[in-house]
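Report on one structure; see the data block that follows.
Every chain is numbered from 1 and lettered A, B, ... according to where its sequence line falls, protein lines coming before strand lines.
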Amino acid sequence: MGLKEALVRLSDYVYVLKENTIIGQRVPVYFYISDRLFEHLEEDAIRQAANAGTLPGVEKAIYVMPDVHVGYGFPVGGVMAVNTQTGIISPGSIGYDINCGVRLIATNLSEERILPIRQELMQEILNKVPAGVGSRGRLKLSKEQLKEVAIKGARWAVEYGFGFEEDLMHIESSGTLPDADPDKVSNFAYERGSEELGTVGSGNHFVEIQAVDEIYDENTAQKLGISIGQVMIMVHSGSRGFGHQVCVDYLKVAKDALDKYKIHIPDMQLACMPFRSEEGQNYFKAMNCAANYAFANRQILGFITADTLRRFLGISWEELGYRVVYDLAHNIGKVERYKIDGEEKELLVHRKGATRAFPPYNPDVPPAYRDVGQPVLIPGDIGRYSFLLVGAPKSMEISFGSACHGAGRLMSRTKAKEYARKEGIEKVLSGLVVVARGKGTIMEEIPQAYKDVTEVVKVVDALGIAKLVARLKPLGTLKG
DNA sequence: ATGTAC
């Protein structure tokens with residue numbers, strides 16, 4: 001019997017894989033998924049989530065979001081919380097792209113102003129914002145400068161001239177994670193990161209000009225300063241080669257330390273080390289450096305895009321009305337406190353393809369959003385809607401303060417390319433304004449290659465993990 | 001995701 005048959009449907013959006021379904025699995029795995037998305041649930045993704053349930057110190061349950069798909073060791077869309085005293089830290093369960101995440105910037109512009117010029121505007125953004133694998137930015141930073149980036153995160157970018165002090169108040173952890181030690185990052189990571197700060201990268205990463213298309217919760221939207229027809233900028237990017245190298249380096253450290261700490265794992269991709277060990281702490285501190293690099297990266301990308309838009313229209317910053325709504329990580333490990341069976345515990349929450357979704361009045365929600373909850377940003381794929389939600393109370397009870405992160409792949413990259421070639425890329429993308437240096441990435445990232453993100457957000461909304469606020473439609477997209 | 005393969 002396959003694992004998929006072992007899943008028990010508890011309600012419309014909840015399936016469970018009971019503990020001990022696989023050997024050594026100490027906690028249940030909850031899948032937050034609709035029946036439609038269940039059809040696409042891969043056997044391997046279920047196995048990966050169950051495997052994580054065997055890791056030392058795992059608490060309560062593994063949670064899997066509706067946009068789940070197979071990842072390296074741990075599925076994308078997975079949330080795992082580990083006891084910080086007795087548990088491990090797993091680089092593969094945070095992901096190769098450390099602090100891959102999303103930033104949303106609001107403007108005062110209305111959609112009508114952009115629609116007639118969007119083709120030319122996107123060409124200009126293509127000229128000004130570096131994108132693509134191995135793309136190099138306008139900055140070339142020394143190791144010493146990168147160490148500052150690794151410590152200061154988004155603040156470094158603001159001090160360098162990319163943005164404003166107020167931006168920092170509207171970023172997860174203010175865009176600066178404190179437990180970062182740049183001496184735990186390898187020279188090779190610094191080399192790879194030296195020319196990539198302020199670049200978009202490839203894959204599903206993008207910079208997009210959007211318009212607010214539908215509002216689901218007028219009251220919350222108003223408090224967030226969001227209204228119909230408003231032009232927004234969305235940035236989806238991560239820590240580029242810098243974070244990738246940190247992950248590669250510490251996966252090796254973890255594999256080499258398995259015997260030393262007598263850790264037994266069902267899959268080498270789940271190689272991990274005790275969180276309190278020297279190796280574990282070194283990775284945590286290096287991971288936070290990479291996360292800070294990613295916060296700085298999105299700070300620069302968002303600012304350059306806004307500045308390009310502003311100059312293109314020949315208007316002032318005041319007239320543009322640039323305002324960072326929020327910026328968050330969807331690949332990260334965070335130390336947070338949760339009540340489990342009445343006992344408060346300190347946990348390392350691994351979020352891989354999952355966003356934090358803290359409810360109203362949580363102290364980590366910025367003051368401006370205190371009574372609405374933390375903004376949750378869900379990027380769509382080329383030509384697809386993106387969504388703005390806010391964290392809701394249930395997340396603290398049933399998902400370690402987490403929600404989904406996006407659509408999740410449906411077709412492999414090869415299959416997507418085949419499809420695009422067969423149908424013709426012009427037809428597949430008809431009506432959309434998409435710019436890129438090459439066609440390759442676009443072919444792999446066609447909308448048909450992804451699950452329907454609308455269905456994904458419906459699930460987290462229905463579960464009370466996050467509440468739908470607004471839908472954003474793309475006006476123009478820059479891809480890597 | 002990724003100098004898209006150590």
Side-chain angles (χ1 to χ4, degrees), chain A residues 45 48 67-78 90-103 130-137 140-141 146 185-207 235-253 255-256 268-269 271 286-287 289-291 293-295 297-298 301 328-333 350-355 379 381-382 405-409 411-418 420 436-445 449-450 479-480:
Chain A
Q48 289 183 330
D67 45 341
V68 56
H69 61 98
V70 173
Y72 181 88
F74 190 56
V76 176
S90 156
S93 305
I94 287 169
Y96 273 97
D97 191 1
I98 295 165
N99 192 1
C100 181
V102 187
R103 167 172 297 222
V133 178
S135 57
R136 289 180 293 190
K140 178 162 169 58
L141 301 180
L146 277 178
V185 173
S186 70
N187 282 329
F188 193 28
Y190 283 114
E191 274 173 41
R192 289 186 63 182
S194 71
E195 294 184 84
E196 289 187 336
L197 196 65
T199 66
V200 178
S202 183
N204 60 0
H205 289 174
F206 63 76
V207 166
V235 176
H236 181 195
S237 188
S239 51
R240 311 287 285 102
F242 186 79
H244 185 268
Q245 194 57 43
V246 167
C247 184
V248 168
D249 291 340
Y250 282 94
L251 274 169
K252 181 167 169 28
V253 170
K255 281 174 191 165
D256 292 347
M268 269 312 257
Q269 295 186 350
M287 187 270 295
C289 288
Y293 182 103
F295 279 133
N297 192 33
R298 290 193 294 274
L301 288 169
L328 54 73
H330 53 224
N331 278 8
I332 201 159
H350 295 68
R351 293 193 182 94
K352 181 181 183 182
T355 59
D381 308 287
I382 301 183
H405 89 302
R409 242 182 206 287
M411 276 181 212
S412 70
R413 291 177 176 209
T414 341
K415 255 180 99 180
K417 260 191 275 199
E418 250 172 56
R437 295 223 182 275
K439 281 253 165 73
T441 304
I442 298 183
M443 308 256 287
E444 294 171 354
E445 297 296 319
Y450 283 88
K479 293 292 292 186

Measure from CG on A:N99 to C1' on B:dT2 and round the result to the nearest Å. 16 Å
Return the value, rounded to whole Å, for the distance between atom CG of A:L251 and atom P of B:dC6. 12 Å
Would you mind listing every salt bridge (Lys or Arg N to Asp or Glu O under 4.0 Å) that reaches into residues 193-205 of chain A, with sequence neighbours excluded? A:R136-A:E195, A:E196-A:R240
Take atom CZ of A:F242 and atom P of B:dT2, then tell me their distance rounded to the nearest Å. 15 Å
Backbone N or O of A:S239 within a donor-acceptor pair of the A:D97 side chain at under 3.5 Å? yes
Output the rounded distance in Å from OH (A:Y96) to C1' (B:dT2). 9 Å
Are the side chain of A:N331 and the backbone N or O of A:G353 linked by a donor-acceptor pair below 3.5 Å? yes
Hey, are A:D249 and A:Q245 close enough side-chain-wise for a donor-acceptor pair under 3.5 Å? yes
Here the distance between atom P of B:dA5 and atom NE2 of A:H244, to the nearest Å, is 10 Å
Counting any heavy atom closer than 4.0 Å, what does A:G238 reach on the DNA or RNA strands: base, sugar-phosphate only, or nothing? nothing
Report the stems of DNA chain B as range-with-range entries sorted by first number; a stem here is at least three consecutive pairs, Watson-Crick or G-U wobble, both distances under 3.5 Å, and write none if there are none. none
Taking the nucleotide of DNA chain B with the closest heavy atom to each, which residue, A:E445 or A:V133, is nearer the 5' end? A:E445
Using the test side-chain contact (heavy atoms from CB on, under 4.5 Å), find all partners of A:V76 that sit at least two apart in sequence or belong to another chain. A:H69, A:K352, A:H405
Distance, rounded to the nearest Å, where A:N297 contributes CG and B:dT2 contributes C1': 14 Å
Report the distance from atom CD1 of A:I442 to atom P of B:dT4, rounded to the nearest whole Å. 20 Å
By the 4.0 Å heavy-atom rule, please label A:S202 as base, sugar-phosphate, or nothing. sugar-phosphate
Does any donor atom in the side chain of A:Y72 or A:Q48 lie under 3.5 Å from an acceptor atom in the other side chain? no
